[in-house]
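This report refers to the structure that appears directly beneath it.
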Amino acid sequence: MQQFTEPRERLLLGPGPSNVSPRVIRAMTLPLMGYLDPTFLKVMDEMTELLRQVFRTSNEFTLAVSGTGTSGMEAALVNMLEPGDTAVVGTHGLFGQRIADIASRCGANVITVSAEWGKTLDPMEIEKALKDAGQVKLLAVVHVETSTGVVQPLAPLAEIAHNNNALFLVDAVTSLGGVDLRVDEWGVDICYSATQKCVGSPPGLSPITLSPRAVEVLRQRQTPVQSFYLDLLQLERYWLTDRAYHHTASMSMIYALREALMIVMEEGLEARYERHQRNADALKAGLATLGMQPLAAKGSQANPLTAALVPDGIDEARVRRSLLGEYGIEIGGGFGPLAGKIWRIGLMGESSQSSHVLTLLHALEVLLAREGLEIASGSSIAAAHQVLAGG
Ligand SMILES: *Cc1c(COP(=O)(O)O)cnc(C)c1O
């Protein structure tokens, strides 16, 4: 008999996926139904209603496309952009670059406004790009850049987009459920996310919401959306209006997402944001005693993901391998210009627990001491404890 590989239980403290509640795993074992079964349609409606609450929106157009976060990104862009449209894209990390890449594959004229990886985008530069470009269809930015651990303030950019008659598109893949996000209040027109970061469900769906203004623009398209699978007006007919078949719903993923969103609302959005903040603060206090500073400046550090600068002389890949092999803990390395320079530590959704912070700090103390760093044993844990105790 061939030996097949057993997946292992891991503590997922990387850039996603994060750990999920047993309730969510149990939800995935609920019975399969036909995709037009009235009972299943009710489950979908309950899920979309919870999604509106978590997005903080009253947008009727709210659903979840099949696939991971990138499918939501692709859905947003292929639907909103037609060949020849102009899009301004903020790029201060890998995911902003991915938006620009997909937008140009849509045939759009893409203008990028970049910032150094680890910094926020400058609203004045974005405003200038919109003004200089003339008629711009949309402005797109990433809320939490998971490649750098930076959170981008959104409200000022929404105002700039609207003053220039452009739609405002936001990637909330890492922020939804972990960081304050107010789709309606801040004026976000198109917002997509993913299930496996702060929402607390396995990868497989990408929630998306469109403002009435964005839906209006979508209905006025001159050309058909080049993707059949991600055609949002056809998905609207299945999810929200006629209940017409488009493609088979990923029902087990929908059960999981509904359960995860219930857990989010039981905890409460504010309490959940605060939990992410407290655990991120404890982590950073602990890392500081180990000589590790965050890449992002104070005030722009994203709670779900801390990008920490690796101490000089440390073989960062070896430490990550030991974390995984000896402790069963996953953390991430850096991409692009940050490869080899940072560790990306995620405290997202169910993974954002004070006990996990302490476990990780303990493992890092041991492994960094093995690498030759002089470390006062227990110092990082004491520092984290102090933050967790409210000190
Ligand atoms: C993870 C991530 C994505 C991509 O999502 P996948 O689920 O990997 O397809 C997009 N944007 C951001 C900000 C992300 O963190």
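Numbering of ligands and ligand atoms starts at 1, following listing order. Predicted, not measured: the structure shown is a model, and the values here were computed from it.
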Neighbouring residues of ligand 1, heavy-atom cut-off under 4.0 Å: T68, G69, T70, M73, F95, V142, V144, T146, D171, V173, T174, Q196, K197

Test side-chain hydrogen bond (donor to acceptor under 3.5 Å, both in side chains) applied to E49 - qualifying residues, sequence neighbours left out: R52

Any residue meeting side-chain hydrogen bond (donor to acceptor under 3.5 Å, both in side chains) with S58, in chain and number order, not counting sequence neighbours: D184

CA sep, side-chain torsions, deciding dist, call: Q222, E82, side-chain contact (heavy atoms from CB on, under 4.5 Å): CA-CA 8 Å; Q222 304 295 307; E82 293 189 67; 3.5 Å; yes

List the atom pairs, with distances to 0.1 Å, where a side-chain N or O of residues 375-383 and a protein N or O form a donor-acceptor pair under 3.5 Å, not counting sequence neighbours.
unit_1 : atom_1 : unit_2 : atom_2 : d
S379   : OG     : A376   : O      : 2.7
S380   : OG     : E365   : OE2    : 2.8

Y35 ring center near Y245 ring center (under 6.0 Å): yes

L12 reachable from Y327 in the ILVMFWY side-chain graph, under 4.5 Å edges: no

